[in-house]
Amino acid sequence: MTKPIIELKDVNMTFKRGWLLRRAQLQAVVKASLDIKEGEILALVGESGCGKTTLGKIMVGLLRPTSGQVLYKGRDIWAMPKGEFREYRRNAQIVHQDSYAALNPVRTIYQSLSAPFLHYHLAKNRREAREKVAELLELMGLTPPEEFLDKYPHQLSGGQRQRVVLARAVSLRPKLIVADEPVSMIDVSLRLSILDLMHRLNEEFGIAFLYITHDLATARYFVKGGRIAVMYLGQLVEMGKLGEVIGRPRHPYLQALLSAVPVPDPKKAREKRPLPLKSLEFPDPTKPPSGCRFHPRCPYAEEICAQEVPVLRPLDGRLIACHLAEKIPEWHLL
């Protein structure tokens, strides 16, 4: 069985608002545990503000968690010597949502993409670096590369800029790429081409992907035979194989998400019954509910839900954090 390339164990991340300790604290990630194996694709889905991006940044070492462990090939990254940590950072890259903000506006595409080659001594000189950047642009579908090398980010379209950002992440042949909403700011007509490109990189180079999104449709398209993890208000609430989790969701939050997805078939749309949530308001993350964080909105909530925090436990071939998962009526499974 393939070993995890990276693993999170009981990771917590708390941000303090203001300099004084008495000010409100934001628990962005709470006791998150998950792993990604070599060459695997894992989707992380949830509402905006639930902590997905924070979790991704923790995974690539851009944020140090308040507590918990981040293991790369079994080693705690924050206990590594400088040389080992440098190698880990080379093998764990991130693709940001806003491609324009991710690129230096006063540097050409060549200057932005040649930096990793020169920094890690993968090119002997600038001439060789230029050749490698040209090959990289061709791999990303930006042809002929000569037309892009000396352009600035503002001279490219959104889709082209995102390919450049992806090229920068791929340039070091990493083991893992965290793709944070990589297609949300791109025209709908171009989204599939970016997702297909990422899938090809996964197949050809064995790069593992953590695909962060709030769009279940793109998650289903990109992940295919991989896994999906669902996050709510900083906590992982359901995780398993994509087909099983999406086909028979057990957590009420995921059921609510799926019930809100439009169905193109008019007949199925009329038969679809939305989940009657108690509240449509997202709780204040600085004052999270006690027990299960979803219980103020959950139509099935009982007294135990407000008192005890549910832990991820195995059920029907997936992991789920819900006290009442076995009691949820089958007809509500979408």
Should [X] and [Y] count as side-chain neighbours, where that means a heavy-atom distance under 4.5 Å?
X    : Y    : answer
L137 : L149 : yes
R75  : E84  : yes
I177 : M198 : no
H214 : E181 : yes
H96  : V165 : no
M239 : I228 : no
Q160 : V164 : no
P289 : L233 : yes

What is the distance from atom [atom1] of [X] to atom [atom2] of [Y], rounded to the nearest 0.5 Å?
X    : Y    : atom1 : atom2 : value
K327 : C322 : NZ    : SG    : 10.0 Å
C50  : L236 : SG    : CG    : 9.0 Å
N202 : I41  : CG    : CD1   : 4.0 Å
R250 : L324 : CZ    : CG    : 11.5 Å
M80  : R86  : CE    : CZ    : 14.5 Å
I186 : L192 : CD1   : CG    : 11.0 Å

Is [Y] paired with [X] through a side-chain N to carboxylate O contact shorter than 4.0 Å?
X    : Y    : value
K224 : E203 : no
K124 : E131 : no
D35  : R227 : yes
E238 : R318 : yes
D150 : R130 : yes

Donor-acceptor under 3.5 Å ([X] side chain, [Y] main chain):
X    : Y    : answer
R89  : A92  : yes
Q25  : T14  : no
S290 : Q307 : no
R161 : S99  : no
E147 : P144 : no
Q155 : Y152 : yes
K52  : G46  : yes
Q255 : P249 : yes
E308 : C305 : no
T286 : L26  : no

Report yes or no: do [X] and [Y] belong to one cluster of Ile/Leu/Val/Met/Phe/Trp/Tyr joined by side chain heavy-atom distances under 4.5 Å?
X    : Y    : value
I246 : I328 : yes
Y221 : I207 : yes
I94  : L34  : yes
Y253 : V30  : no
F117 : F205 : yes

Quick one: do E47 and R293 satisfy salt bridge (Lys or Arg N to Asp or Glu O under 4.0 Å)? Show the steps, please. CA-CA 14 Å; E47 294 172 279; R293 296 191 168 198; over 6 Å; no
Work out which heavy atom in [X] is nearest to a heavy atom in [Y]; give both atom names and the distance.
X    : Y    : answer
L190 : G159 : CD1-CA, 4.4 Å
G234 : M231 : O-CE, 3.5 Å
A134 : P145 : O-CB, 3.7 Å
E244 : G317 : OE1-O, 3.6 Å
L312 : S33  : CD1-O, 4.4 Å
W78  : G61  : CH2-O, 3.7 Å

Counting only heavy atoms from other residues, nucleotides and ligands, does the tally under 6.0 Å from CZ of R126 exceed 12? no
E303 atom CD: more than 12 heavy-atom contacts under 6.0 Å: no
Let's go through I194 and R163 carefully: what are the C-alpha distance in whole Å and the side-chain angles of both, what is the deciding distance for side-chain contact (heavy atoms from CB on, under 4.5 Å) to 0.1 Å, and is it a yes or a no? CA-CA 7 Å; I194 298 294; R163 286 173 184 265; 3.6 Å; yes
N12 and T66: side-chain donor and acceptor closer than 3.5 Å? no
F85 six-ring centre to K82 NZ/CZ under 6.0 Å and within 45° of normal: no
Using the side chain to side chain contact (heavy atoms under 4.5 Å, CB included) definition, which of the options V60, I36, N91, L71 pairs with I6? I36
When H251 is tested against each of L257, I320, V245 for side chain to side chain contact (heavy atoms under 4.5 Å, CB included), which residue passes? I320
Between F294 and Y232, what is the ring plane arrangement, given parallel below 30°, perpendicular above 60°, and tilted in between? perpendicular
For the pair R200 and L197, evaluate side-chain contact (heavy atoms from CB on, under 4.5 Å) and give the outcome as yes or no after the intermediate values. CA-CA 5 Å; R200 183 159 60 88; L197 173 60; 3.3 Å; yes
Working note: Q162 + V95, criterion side-chain contact (heavy atoms from CB on, under 4.5 Å); need CA distance, chi angles, decisive distance, verdict. CA-CA 8 Å; Q162 196 62 286; V95 174; 3.6 Å; yes
Step-by-step side-chain contact (heavy atoms from CB on, under 4.5 Å) determination, L201 to L166: CA-CA 10 Å; L201 294 172; L166 188 58; 4.0 Å; yes
All ring pair (Phe, Tyr, Trp, His ring centres under 6.0 Å) counterparts of Y72, not counting sequence neighbours: Y88
Applying ring pair (Phe, Tyr, Trp, His ring centres under 6.0 Å) to H199 and not counting sequence neighbours gives F222
Could you go step by step and tell me if Q97 and S184 meet the side chain to side chain donor-acceptor pair (under 3.5 Å) rule? CA-CA 7 Å; Q97 177 179 0; S184 63; 3.0 Å; yes
